[in-house]
Amino acid sequence: MSDPLFEYLCRMGDNTLVLGHRVSEWCGVAPVLEEDIALANTALDLIGQTQLWLGLAGEVEGKGRDADKLAYHRDVWDFRNVLLVEQPNGDFGRTMMRQFLFDGWHLAYLKALTASSNDQIAAIAEKSVKEVTYHFERSTDTVIGLGDGTEESHRRMQDALERLWPYVGEMFLSDDVDAAMIAQGIAPDPTALRGAYDTQLDGILAEATLIKPADNFTHKGGKTGVRHTEHLGHILTQMQWLQRAYPDATW
Amino acid sequence: MVDQTTKFSEAPDLLKELERAKVQGAPLTEKPTVETVWAWLSVIPDPEIPVISLTDLGIIRDVEWDGDTLVVTVTPTYSGCPATSIINLDIETALRGHGIENLTLKRQISPPWTTDWLTDAGRAKLEDYGIAPPRAAGGPQHCPHCKSTRVEKISQFGSTPCKAQWRCTDCLEPFDYFKCI
């Protein structure tokens, strides 16, 4: 394993990078103008946060790689994002369900991270909390609105929840990298955040008249990089197209 | 059909301006005071909301001399705000135009930018421009056009990362609200 701090920062940056790219796929094709703008803004925040996380990762690594190098010159096996964020957009409902499931974890995790013993990490977390607060507020409202909406929207949101639920658990798994971060007071233990996440989720799903799947089976392998889903490779062919075709091109 | 040749030749306007500023800026005989530099910065408009200046926006956190190098510390409003690089270019252009030769622009993300740093003058200018200024209560005080307090939120997000979309239910005009963060 490479330096745990570098691994850890790649996890943070790859989550925001891959989700940011996924959300940006809606630009220009969302169901209504306001949602198009909101999705583009969310994607922009996430890509901005990626620059901070991967920028710091490159600094920590000390091999001259900056955020762009890490984003565009690595292949699937080097990515450390959770599997949830690489799942395809599906319909608008599924995109918003994915956002909601991620935002709840993201906000709670970042809030805990503001107390990091690493000043640079605490600063990025503090900056991100402000942006992610808005993401979570909006995704929560949308999940409630569509879940408790028409028969059609309700059905689609319930389908989305059932499809994405098996990817939620990975955000709360703890491994050797987490243990190293916890030992140095750099990051919180993700397993410790699960209880509060579930309580909050149950309240919102009840309001949205959606039923949480009973089975807590979870897919894993994204944050360790051991086994990504097939979707990540497809994202990278698009996201990295320019750098693959014209390495180191700039303008 | 758009004439591509013309378009491309016009594209690097900002760079040209930067070059021109370098030429025009006569070398300074003595270092300007930080107060003078603050005054120069206070007339640089925000690239996306040009009625307010960079100092109105509260994103210039510090100006100091480090030997012969002027160090200007800038904080981004939102981490992904595309205006950030234009802002840096505008600062550089302006200061070079005033004859500053050695310049360092430092990015500072902590403490994170907050709308509390908007100046009162900046808030008033926003309102005159038709953008409701931020309020701790989380929404605009009134419609910036007709001043009615009967307003509703359309979307948490707007045309730039720092704004949300609201609407007045009296005059029916939509308007931007500067989000409170």
Side-chain angles (χ1 to χ4, degrees), chain A residues 12-13 16-17 19-21 23-24 26 30 32-56 67 99 103 110 113-114 116 118-142 145 251, chain B residues 7-8 11-15 48 58-59 61 73-89 106-118 134 136-139 152-167 174-181:
Chain A
M12 295 306 291
T16 51
L17 173 63
L19 185 59
H21 187 80
V23 176
S24 78
W26 277 103
V32 290
L33 183 62
E34 285 77 10
E35 292 306 327
D36 203 300
I37 292 170
L39 286 162
N41 269 288
T42 304
L44 191 63
D45 286 342
L46 292 169
I47 300 297
Q49 292 163 19
T50 303
Q51 285 175 337
L52 301 173
W53 289 124
L54 293 186
L56 184 55
Q99 192 69 38
D103 288 344
L110 288 169
L113 210 50
T114 57
S116 174
N118 180 311
D119 291 345
Q120 285 169 294
I121 289 177
I124 299 173
E126 211 185 331
K127 181 85 201 149
S128 306
V129 160
K130 293 187 171 224
E131 296 164 358
V132 173
T133 300
Y134 276 95
H135 301 174
F136 188 50
E137 197 178 310
R138 169 171 169 274
S139 61
T140 299
D141 283 353
T142 313
W251 72 80
Chain B
K7 265 189 97 177
F8 285 133
D13 262 351
L14 279 168
L15 292 174
E48 278 177 344
I59 59 170
R61 300 314 301 160
T73 306
V74 186
T75 194
T77 51
Y78 284 75
S79 49
C81 185
T84 308
S85 56
I86 303 296
I87 287 172
N88 284 350
L89 190 59
K106 234 168 61 179
R107 183 185 68 176
Q108 178 182 305
I109 61 167
S110 178
W113 179 75
T114 160
T115 36
D116 293 348
W117 294 344
L118 269 170
E152 62 182 16
K153 184 170 76 184
I154 301 174
S155 172
Q156 195 64 277
F157 294 90
S159 56
T160 64
C162 56
K163 289 177 288 183
Q165 297 172 74
W166 283 65
R167 162 169 55 210
F175 63 89
D176 279 329
Y177 165 62
F178 207 99
K179 286 193 288 205
C180 187
I181 70 164

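Letters A, B, ... are given to chains in the order of the sequence lines, protein chains preceding strands, and every chain is numbered from 1.
The closest side-chain heavy-atom distance from A:Y134 to B:I181 is below 4.5 Å.
Residue A:K130 comes nearest to B:W113 through the heavy atom pair NZ-O, 3.2 Å, listed as atom of the first residue, atom of the second, then distance. Nearest heavy-atom pair, A:I37 versus B:S159, reported as atom, atom and distance to 0.1 Å: CG2-N, 4.4 Å.
Contact of A:E35 with chain B is not made at all, since no heavy-atom distance falls under 4.5 Å. In this structure, no portion of B:K163 lies under 4.5 Å from any heavy atom of chain A. Heavy atoms closer than 4.5 Å to chain A are found in both the backbone and the side chain of B:T114. For A:L52, the part lying near chain B is the side chain, with the backbone staying farther off; criterion is any non-hydrogen pair under 4.5 Å. Heavy atoms closer than 4.5 Å to chain B are found in both the backbone and the side chain of A:I124.
When the candidates A:E126, A:R138, A:Q120 are compared by the number of heavy-atom contacts under 4.5 Å with chain B, A:E126 comes out ahead. Interface summary for chain A: among B:G80, B:P76, B:S79, the most heavy-atom pairs under 4.5 angstrom belong to B:S79. Contacts with chain A were tallied for B:C81, B:P161, B:S110; B:P161 has the most, counting heavy-atom pairs under 4.5 Å. Of the residues considered (B:T75, B:I109, B:T84), B:I109 shows the highest number of contacts with chain A, using heavy-atom pairs under 4.5 Å. The residue among A:A122, A:A40, A:A38 with the most heavy atom pairs within less than 4.5 Å of chain B is A:A38.
Judged purely by atom type and a 3.5 angstrom limit, A:K127 uses its side chain to pair as donor or acceptor with the backbone of B:T77.
At a threshold of 4.0 Å, the pair A:E34-B:R167 does not count as salt-bridged, since none of the basic side-chain nitrogens sits closer than that to a carboxylate oxygen.
Environment of CG in A:D119: sparse, with no more than 12 heavy atoms of neighbouring residues, nucleotides or ligands closer than 6.0 Å.
Here A:D141 contributes atom CG and B:Q156 contributes atom CD; the two are 8.0 Å apart, rounded to the nearest 0.5 Å. The line from CG of A:N41 to NZ of B:K179 is 6.0 Å long, rounded to the nearest 0.5 Å.
A side chain to side chain donor-acceptor pair (under 3.5 Å) check over residues 42-52 of chain A, counting only residues at least two apart or in different chains, returns the pairs A:T16-A:T50, A:D45-A:H135, A:Q49-A:E131.
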